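Have a look at the structure below before the remarks.
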Amino acid sequence: MNEVITPIARGAPSSIFFRNRYSTNANVVSLFSKYVDRTNVWSWNSVIGELARGGDSVEALQAFASMRKASLKPNRSTFPCAIKSCSALLDLFSGKQAHQQALKFGYEPDLFVSSALIDMYCKCGDLGDARKVFDVIPQKNVVSWTSMIAGYVQNDEGREALSLFKKFLVEESECARDAEVFVDSVAMTSVLSACSHASNEVTTKGVHGFVVKRGFYGVVGVGNALMDAYAKCGKLAASRKVFDEMTERDDFSWNSMIAVYAQNGDAAEALQLFANMIKDGDSDYNAVTLSAALLACACSGALRAGKCIHDQVMKMDLEDNVIVGTSIIDMYYKCGRVEMAWRAFDRMRDKNVRTWTAMIAGYGMHGRAREALEVFYEMIRTGVRPNYVTFVSVLAACSHAGLVDEAWRWFSSMFHEYNIEPGIEHYGCIVDLLGRAGYVSKAYELINGMKVKPDFVVWGSLLGACRTHNNVELAELAARKLFELDPDNCGYYVLLCNIYADAERWEDVERMRTIMNGRGLVKTPGYSLVELKGRVHMFSVGDKGHPQHERIYEYLEKIYVKLKQAGYLPNITSVVHDVEHEEKEITLQVHSEKLAVAFGIMNSAPGTVIHIIKNLRVCTDCHTVIKLISKIFNREIVVRDAKRFHHFRNGLCSCGDYW
DNA sequence: CTAGGGTTAG
């Protein structure tokens, strides 16, 4: 079986018709012994259909090849099964051959054949040929319309899908007496999926109304798609309402809802729902559920829960499922365990581009760019084609480690060697890298030459670089862009304030503060998470909500005494609030990551590594403090901030103070 | 006796 599949994965140009790619094997022959008449087309159809429906696409095509070898003429029900198998294998070449054969036998106007063809072309990414087939169908039915609409959605053409749906509605009203041309619940799920891709609240609400009016609201599949559409445009409450109102939930609905919370960073709710699902007992969790739950563990750093799910994955024999496997890698490295991620990666038999990319991203976030690049080179050697996101991970890895030349090399060759046009994320990495390496003007030139519109990440990187390299002029320019792009984010105002303060331009500092106060901008509250005995504890700045908070503050005081003995001076520029010097120092002292570190040290045995997750970037003062703590208390401390990992050990950080 | 949809990973 593997021998047959390998050339398909490599995209070798052969076909079911010419080079016997799916040549008859013993398996198919033995299947045939069950059938009385091998000269009967219907017998062949049963076999091909059964194999295709059972997911044995390769065998189905082998049977189809055998049938053609026996010089039997396929009929109109043979083709849809064969084409469906090409679609499942993403085998455009064989699909086109099947199309030619169908034309030769005069089956193209057939509704079943053309729907299968539309689906096959769309799944293979060939929208143009799909649309040609669609356009020549004289009397389209609901399946033809749905196949084409769904095809657009699958190829990220949500708007095209929605406009086609409008045409469908016109046709529906014009053919009012034709029972074949009527919107049904399957069509509506595709339309809702288009809404989900478009992430448009207004459209989603409109389609929701339509669904209710046509009486499809109670259909499970429609409900799932609606939940997803609301979630994608950020309407979690509306999404949950649909879930709660469903009278019938299969596994699908639970999975969708868990995934929605996990994707939106609400790990607690996602894991709570997962627990409810298990308790409920009516629904079985599967690979999809476990992947979503693993994502929740990854973003909240819930290692214990993640390991538990990993155990379950092994018990259910799902280790070879490539999506689940990739989720496990993602969970481990995001919980700070890059070695465990590597072990899981190493064990996986089937790795796809996303698996490799996850591992590259994992090493990259941990500042281990060399290993990330090794994985990248190995991926290329193995014959797996890197994609857009792979290059984002590669460039990000270089950017975390300051590898300017390496990054520039891949940035320049990704288009020429792999035909991947650099996008906004790639520019973001390069601007960041150039800027921090001191090439601020060069970074600015690059931004001006971009084909895509620079976003807040790009301008934000430039602004950050301007602070490091004291470039007030460019900083003002970048900040102006940022105030336009993201007016409610006070981080940029704070950064510009700092830049003015560094340049001792106090009047400008004052002016910025007035603007900030006038606009009522509030700093995004920072928080840190730390897992202890399987429970994740959360701390915010100056938090007094934790049951142990009194002891934590006492302990923190003791830590500060030791730090000051070691010569530590607080770096108050991290605090821009309009407060007195002493107050600034106090605010700094109670940053959430410091509370989390104190809590971690207090509650764990000497020698235990402490893992912390922070939602924002770690500030300079906290970075200095944690380095010192790692030395004074002889503890390894791992901090995941909004952008990368910091491994503190013996007074040093893995980022080399470059972050 | 054949065709279309909704959930998961980077």
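Every chain is numbered from 1 and lettered A, B, ... according to where its sequence line falls, protein lines coming before strand lines. Since we're looking at a predicted model, the values are computed, not measured.
Per the geometry, OH belonging to A:Y261 stands 18 Å off C1' belonging to B:dT8, to the nearest Å. Residue A:R53 contributes atom CZ, which lies 16 Å from atom C1' of B:dG4 at whole-angstrom precision.
With no hydrogens or angles considered, no side-chain donor-acceptor pair links A:Y388 and A:E421 at under 3.5 Å. Remark: the A:T390 side chain and the A:T357 side chain contain an N/O donor-acceptor pair separated by less than 3.5 Å.
In the region residues 243-251 of chain A, proximity to DNA chain B at under 4.0 angstrom, judged on heavy atoms, holds for A:D250. For residues 147-167 of chain A, proximity to DNA chain B is found at A:S147, A:A150, A:Q154, defined as any non-hydrogen atom under 4.0 angstrom from a strand atom. Using a 4.0 Å cutoff on non-hydrogen atoms, the parts of residues 212-230 of chain A near DNA chain B are A:V220, A:G221, A:N224, A:D228, ordered by number. For the segment residues 293-318 of chain A, the set of residues with a heavy atom within less than 4.0 Å of an atom of DNA chain B comprises A:L295, in numerical order.
Using a cut-off of 4.0 Å between Lys/Arg side-chain N and Asp/Glu carboxylate O, A:D432 and A:K643 are scored as salt-bridged.
At a threshold of 4.0 angstrom between heavy atoms, the contacts of A:N141 include nucleobase atoms, whether or not backbone atoms are also involved. Contacts of A:N286 with the nucleic acid, taken as non-hydrogen atoms under 4.0 Å apart, are absent. Residue contacts shown for A:S327 are limited to sugar-phosphate atoms, with no base heavy atom under 4.0 Å away. Among the protein residues, A:S190 comes within range of the sugar-phosphate backbone only, with heavy atoms under 4.0 Å from sugar or phosphate atoms but none that close to a base. A:F345 comes within 4.0 angstrom of no nucleic acid atom, judged by non-hydrogen atoms across all strands. Nucleic acid contact class of A:T146 (heavy atoms, under 4.0 Å, all strands): base. Looking at heavy-atom distances under 4.0 Å, A:V142 makes contact with a base. Among the atoms of the strands shown, only primed sugar atoms or phosphate atoms (P, OP1, OP2) are found under 4.0 Å from some heavy atom of A:K334.
Scored by the side-chain hydrogen bond (donor to acceptor under 3.5 Å, both in side chains) test, A:R354 finds no partners at all (sequence neighbours excluded). Residues satisfying the side-chain hydrogen bond (donor to acceptor under 3.5 Å, both in side chains) criterion with A:N141, sequence neighbours excluded, are A:S144, A:E180.
The stretch residues 335-345 of chain A participates, sequence neighbours left out, in these side-chain hydrogen bond (donor to acceptor under 3.5 Å, both in side chains) pairs: A:R337-A:H611, A:E339-A:R368. Sorted by first and then second residue, the salt bridge (charged side-chain N to carboxylate O under 4.0 Å, His left out) pairs with a member in residues 246-265 of chain A form an empty list; sequence neighbours excluded. Applying the salt bridge (charged side-chain N to carboxylate O under 4.0 Å, His left out) test to pairs two or more places apart or on separate chains, those with a residue in residues 259-275 of chain A are A:R240-A:E269. Screening residues 135-164 of chain A for salt bridge (charged side-chain N to carboxylate O under 4.0 Å, His left out) gives A:R131-A:D135 as the qualifying pairs, with residues at least two apart or on separate chains.
Between B:dT2 and A:K84, no contact under 4.0 Å exists linking OP1 or OP2 to a side-chain N or O. When the side-chain nitrogen and oxygen atoms of A:K123 are compared with OP1 and OP2 of B:dG4, none of them lie within a distance under 4.0 Å. Applying the 4.0 Å criterion to OP1 and OP2 of B:dT7, one finds that A:Q263 has every side-chain N and O outside that range.
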Got a list of side-chain donor-acceptor pairs under 3.5 Å for residues 297-319 of chain A, not counting sequence neighbours?
unit_1, atom_1, unit_2, atom_2, d
A:S300, OG, A:A296, O, 2.9
A:H310, ND1, A:Y332, OH, 2.8
A:Q312, NE2, A:Y285, OH, 3.3

Would you mind writing out the side-chain donor-acceptor pairs for residues 209-234 of chain A within the sub-3.5 Å range, not counting sequence neighbours?
unit_1, atom_1, unit_2, atom_2, d
A:R214, NH1, A:E172, OE2, 3.0
A:R214, NH2, A:E172, OE1, 3.0
A:Y217, OH, A:E245, OE1, 2.7
A:N224, OD1, A:S253, OG, 2.9
A:N224, ND2, A:V220, O, 3.4
A:D228, OD1, A:K232, NZ, 3.1
A:D228, OD2, A:S196, OG, 2.9
A:Y230, OH, A:H208, ND1, 2.7

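Not a single donor-acceptor contact under 3.5 angstrom links the side-chain atoms of A:D184 to the base of B:dG5. You won't find any donor-acceptor pair under 3.5 Å spanning the side chain of A:T189 and the base of B:dG6, going by distance alone. Between the side chain of A:S77 and the base of B:dT2, no donor-acceptor pair of N or O atoms lies under 3.5 Å. Checked by distance alone, A:D110 brings no side-chain donor or acceptor within 3.5 Å of a matching partner on the base of B:dA3.
Across all non-hydrogen atoms, the minimal contact from A:D119 to A:S87 is OD2-OG, 3.1 Å.
B:dG4 has no stacking from A:W145 on its base ring, since the centres under 5.5 angstrom apart and planes within 30 degrees of parallel are not both found.
Ranking B:dA3, B:dA9, B:dT7 by closeness to the A:I323 side chain, first place goes to B:dA9. Considering only side-chain atoms of A:W42, the nucleotide from B:dG4, B:dT7, B:dC1 that sits closest is B:dC1.
A:F376 and A:W410 have their aromatic ring centers within a separation under 6.0 angstrom.
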